[in-house]
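First up is the structure itself, then whatever we jot down about it.
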Amino acid sequence: MSENLLIVNGNELISDAFYKTPAFTNSEGVFVNGVYGGIFKLISILKTSEYKALSISFSEECGNERLKPQILKFKEIIEAKGQGEIPVTKELLESLENALKDLSPSGEVKGASFDMTLKVTSDLNEVEALFETKSDRAAFYFLTDIGDFLGLGISFDGSNVTYIPVENFITADYLGKKLSILSERMSLCSFDIKESYKYFEPSEFANRTYGYKDEDVSGNKCFDVLIGAYLINPLKNDYEPWDVAKEYLKLTLPKRADLFGKEPLANADIKVLSEYASKIAYICFNAEPLIRAKLAKTGMERLMYNIEMPLSYILYSMEKEGIIVKRDELKAYGDKLLVRIDELEKAIYEAAGIEFNINSPKQLGEILFEKLGLPAEKKTKSGYSTAADVLEKLAPEHKIVADILEYRGLTKLKSTYADGLAAYIADDNRIHTSFNQTITATGRISSTEPNLQNIPMRTELGRLIRKVFVPKDGYVFADADYSQIELRILAHMSEDKGLIEAYHEGKDIHRITASKVFHVPFEEVTSLQRRNAKAVNFGIVYGISAFGLSQDLSISAHEAKEYMEKYFETYPGVKKYQEDVIASTKAKGYSETMFGRRRPVPELKASNFNLRQFGERVAMNAPIQGTAADIMKIAMIDVFFKLKELSLKSKLILQIHDELVIETAPDEVDTVTKLLVEEMEKAVTLSVPMEVDCHIGSDWYEAK
DNA sequence: TCGTTCACGCACGTC
DNA sequence: GACGTACGTGAACGAA
């Protein structure tokens with residue numbers, strides 16, 4: 001009960017708002033800025049946290065003639081809602097919002113305003129003095145523009161903000177060092193903190209040589225408002241500062257694009273720059289406690305403090321390290337593809353009797369289904385589907401189809417990988433991808449510019465690209481991946497006896513499944529049976545439908561349904577688990593991983609059947625995929641700090657969901673291999689063993 | 001009118 | 001199920 005009760009001192013709330021909100025009157029000419037601001041704050045707290053009830057106390061004392069009537073007015077409004085503990089309901093929020101409208105002279109609800117004093121200085125003495133400020137925390141924001149560091153906004157109390165432009169003695173490195181030192185004695189908060197690690201290193205990580213224990217949640221070191229907002233709701237498309245300002249503080253901050261457009265920030269007015277950076281620091285300072293409280297309420301403190309925050313530092317380090325790509329060999333690979341692409345292009349034009357743009361699904365559709373009269377399977381919104389699986393079925397009908405498929409495959413390799421990757425090779429001959437921590441709905445990391453998490457693997461020709469990814473001179477790659485981590489998590493979470501037992505046997509899991517499902521001895525499982533069982537195992541993890549499975553295996557929906565029924569007979573715990581997880585997700589409105597990471601699933605309550613079905617698949621998949629992501633993140637942190645503890649030269653450089661790549665010094669190969677396998681396997685203890693395979697190679701092709 | 005920019009759909013690479 | 005990128009297309013926009 002007490003956990004969910006918000007206790008408010010009414011006098012303080014209104015008094016605080018009275019001084020922070022500019023004076024204004026309601027339509028009757030009575031000053032109401034304090035009431036307005038107070039209710040505004042109350043609503044924002046109630047909305048961003050999970051209080052079940054509200055209790056507001058008042059005292060006679062208020063010490064200010066102008067303040068008193070506003071406190072009384074507020075008391076009147078609150079007492080109309082009930083006495084003592086008032087339940088927090090939708091109705092309560094609505095009536096509070098209506099009260100706001102009544103208070104506003106125009107009837108329009110306005111956002112709160114920045115209660116901020118901004119000082120701009122680059123005077124060395126002043127800056128030195130500023131960094132001596134006594135406080136238990138600070139919020140800052142590095143204003144950067146395509147690599148240029150322009151200035152720093154920083155606040156120690158959430159109302160006085162200083163903007164320090166980079167000039168003269170005040171360099172980016174100087175400010176970074178100041179922050180590093182500051183981090184030794186106070187908690188630091190920023191927005192998208194990974195971007196500031198270029199200049200500053202929090203002492204928590206700089207001095208750390210070991211991972212994080214489950215039991216000590218390291219609550220108060222670094223804090224990233226962006227990551228916090230993401231954990232609370234991972235479904236949003238973006239988390240710009242203005243967005244957080246609006247959601248948590250009801251403040252309006254212009255979007256960066258609106259303020260500066262595409263002009264380089266260096267050209268912008270110092271006043272605009274300083275205001276923008278300072279407001280973000282202000283937002284961080286004031287949103288931090290709200291977000292911390294919400295993370296505590298929702299049980300995501302460990303995720304935030306022990307996992308995501310240290311991870312952001314590690315991702316920065318991996319990005320900075322990068323991976324060497326052999327420019328010339330990549331070029332040669334592309335040229336080789338081009339020869340064959342040209343041949344195919346000619347053959348396709350020849351067969352079609354006309355030159356057209358093969359890359360255009362529209363034109364291709366017209367050629368195949370109208371000019372050549374192949375049997376069409378109209379699928380997409382805008383015309384014929386020419387997707388690979390459709391074309392494969394058409395292949396026997398006309399020789400052009402096979403050529404088109406090959407052409408598609410080769411041009412994909414050429415444009416996305418050969419040419420695409422080449423554009424990202426930096427002067428140090430390395431590709432420095434961006435690992436994004438706040439994109440995915442499930443908790444996975446994503447990689448962009450370029451995406452190094454989808455380098456070809458399936459076909460031999462595609463896989464050859466991996467030969468151009470190499471470690472530095474004399475070094476090798478150590479590549480470690482979890483074996484079927486998601487299926488193992490399913491076994492653990494579903495507590496299915498058969499599946500758990502199967503993993504303890506330590507034999508080929510797909511073969512065991514086939515043997516059980518098709519009732520044949522382990523040794524007599526055919527390769528087709530194994531393939532089918534594997535597809536079902538795979539599909540189950542995705543919460544696949546019978547239709548989806550039928551597509552995967554190119555069998556009828558009826559057959560697919562039979563497979564799934566047989567599967568559920570074999571592993572009844574899995575079926576039970578899936579039903580339970582759908583029900584609980586629906587009841588709670590969100591799914592949860594083993595570590596408490598949440599994903600809202602509003603689709604489960606949709607009236608549209610297909611959307612609801614989608615919601616069910618999400619509910620089945622998100623806890624599995626998300627738990628795998630959590631485990632890998634823990635492993636990365638343990639591996640990273642272990643490398644540091646042992647003062648190894650080897651560096652973690654890539655993560656591909658269930659796989660880690662370390663650029664390994666030749667004399668450290670044995671240590672690193674052992675370390676990787678050990679740390680990854682012990683990142684979590686499940687009811688099934690965790691298995692990690694590690695390979696060494698002199699390029700990524702060989703190491704995989 | 002022409003060229004550029006943008007959002008969108010499609011196709012396909014990975015785990 | 002979860003992503004990111006390349007490409008073609010058509011609409012919107014601005015300059016000429």
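Residue numbers begin at 1 in each chain, while the letters A, B, ... track the order of the sequences.
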* Structure fact -> Rounded to whole Å, the CG-P distance (A:L413 to B:dT14) equals 9 Å
* To do: Using a cut-off of strictly less than 4.0 Å, decide whether A:Q363 has a side-chain nitrogen or oxygen near OP1 or OP2 of C:dT9.
  => yes
* In terms of side-chain heavy atoms of A:A441, which of B:dC15, C:dC3, B:dC10 is nearest? -> C:dC3
* In the strands shown, is B:dT4 matched to any nucleotide by a Watson-Crick or G-U wobble pair with both distances under 3.5 Å, and which? -> C:dA12
* Atom CG of A:N537 to atom C1' of C:dG1: distance rounded to whole Å? -> 15 Å
* **Touch class at under 4.0 angstrom, heavy-atom based, for A:N357 against every strand present** => sugar-phosphate
* To do: Would you mind classifying the nucleic acid contact of A:E486 as base, sugar-phosphate or nothing, using non-hydrogen atoms under 4.0 angstrom?
  => nothing
* Structure fact -> Taken to the nearest whole Å, CG/A:N436 to P/C:dA2 is 17 Å
* N or O in side chain of A:T411 less than 4.0 angstrom from C:dA6 OP1/OP2 -> no
* Asked: When you measure from the side chain of A:P456, which nucleotide among B:dC15, B:dG13, C:dT9 comes out closest?
  -> B:dG13
* Would you indicate what A:Y482 reaches in the nucleic acid, counting non-hydrogen atoms under 4.0 angstrom: base, sugar-phosphate, or nothing? => nothing
* Closest approach of A:S494 and A:Y577, non-hydrogen atoms and distance? -> CB-CB, 3.5 Å
* Check: B:dC15 base within 3.5 Å donor-acceptor of A:R444 side chain -> yes
* Asked: Just checking, is any N or O donor in the side chain of A:R530 or A:T513 under 3.5 Å from an acceptor N or O on the other one?
  -> no
* To do: For A:S385, answer base if it contacts any base atom (sugar-phosphate contacts may also be present), sugar-phosphate if it contacts only those atoms, and nothing otherwise; contact means non-hydrogen atoms under 4.0 Å.
  => sugar-phosphate
* **Spacing between A:R458 atom CZ and B:dG13 atom C1', to the nearest angstrom** => 8 Å
* Asked: Looking for any heavy atom pair under 4.0 Å, which part of the strands does A:V541 touch: base, sugar-phosphate only, or nothing?
  -> nothing
* So, do A:Y567 and A:Y563 have ring centers that fall under 6.0 Å from each other? -> no
* Asked: B:dC10 C1' sits how many Å from A:D389 CG, rounded?
  -> 13 Å
* Asked: Looking at A:K362, does any N or O in its side chain come under 4.0 Å of the phosphate oxygens OP1/OP2 on C:dG10?
  -> yes
* Select one nucleotide: of C:dA2, B:dC15, B:dA11, the one nearest the side-chain heavy atoms of A:D658. => B:dC15
* Minimum-distance nucleotide (side-chain atoms of A:N359 versus C:dG8, C:dT5, B:dC15) -> C:dG8
* Look through every strand shown and name the nucleotide pairing with C:dA6 as Watson-Crick or G-U wobble, where both distances are under 3.5 Å. => none
* Among B:dA11, C:dT9, C:dA2, which nucleotide sits nearest the side chain of A:R599? -> C:dA2
* Structure fact -> In A:Q625, A:R597, A:R302, the residue satisfying side chain to side chain donor-acceptor pair (under 3.5 Å) with A:D630 is A:R597
* NZ or CZ of A:K575 within 45° of A:F568 ring axis and under 6.0 Å -> yes
* Structure fact -> Among the nucleotides C:dC3, B:dG13, B:dA11, whichever has the atom closest to the side chain of A:Y417 is B:dG13
* Asked: Hey, does A:A388 reach any base, or is it just sugar-phosphate, or nothing, if we go heavy atoms under 4.0 Å?
  -> sugar-phosphate
* Asked: For A:S446 and C:dG4, is the shortest distance between a side-chain N/O and OP1 or OP2 below 4.0 Å?
  -> yes
* Asked: Looking at A:S382, does any N or O in its side chain come under 4.0 Å of the phosphate oxygens OP1/OP2 on B:dC10?
  -> yes
* Asked: Is any N or O donor-acceptor pair between the side chain of A:N621 and the base of C:dG1 shorter than 3.5 Å?
  -> no
* Spacing of A:K412 atom NZ relative to C:dA6 atom P, expressed in whole Å -> 9 Å
* Compare the minimum distances between each of C:dG4, C:dG1, B:dG9 and the side chain of A:T448, then state the nucleotide with the smallest one. => C:dG4
* Starting from C1' on C:dA6, measure out to OH on A:Y407 and report it in whole angstrom. => 12 Å
* **Short N-O contact, A:D699 and A:R466, less than 4.0 angstrom** => no
* Any idea which of B:dG13, C:dG1, B:dA11 is nearest the A:A387 side chain? -> B:dA11
* Do A:K586 side-chain atoms and A:K605 backbone N/O form a donor-acceptor pair below 3.5 Å? -> no
* To do: Determine: side-chain N/O of A:T386 to OP1/OP2 of B:dA11, distance under 4.0 Å, yes or no.
  => yes
* Which nucleotide sits closest to the side chain of A:T440: C:dA2, B:dG9, C:dG10? -> C:dA2
* To do: Using a 4.0 Å heavy-atom cut-off across all strands, classify A:I624 as base, sugar-phosphate, or nothing.
  => nothing
* Asked: In whole angstroms, how far is the C1' atom of B:dT14 from the CZ atom of A:R466?
  -> 8 Å
* To do: Determine, for A:Y590 and A:R599, whether the Lys NZ or Arg CZ falls below 6.0 Å from the six-membered ring centre while staying within 45 degrees of the axis.
  => no
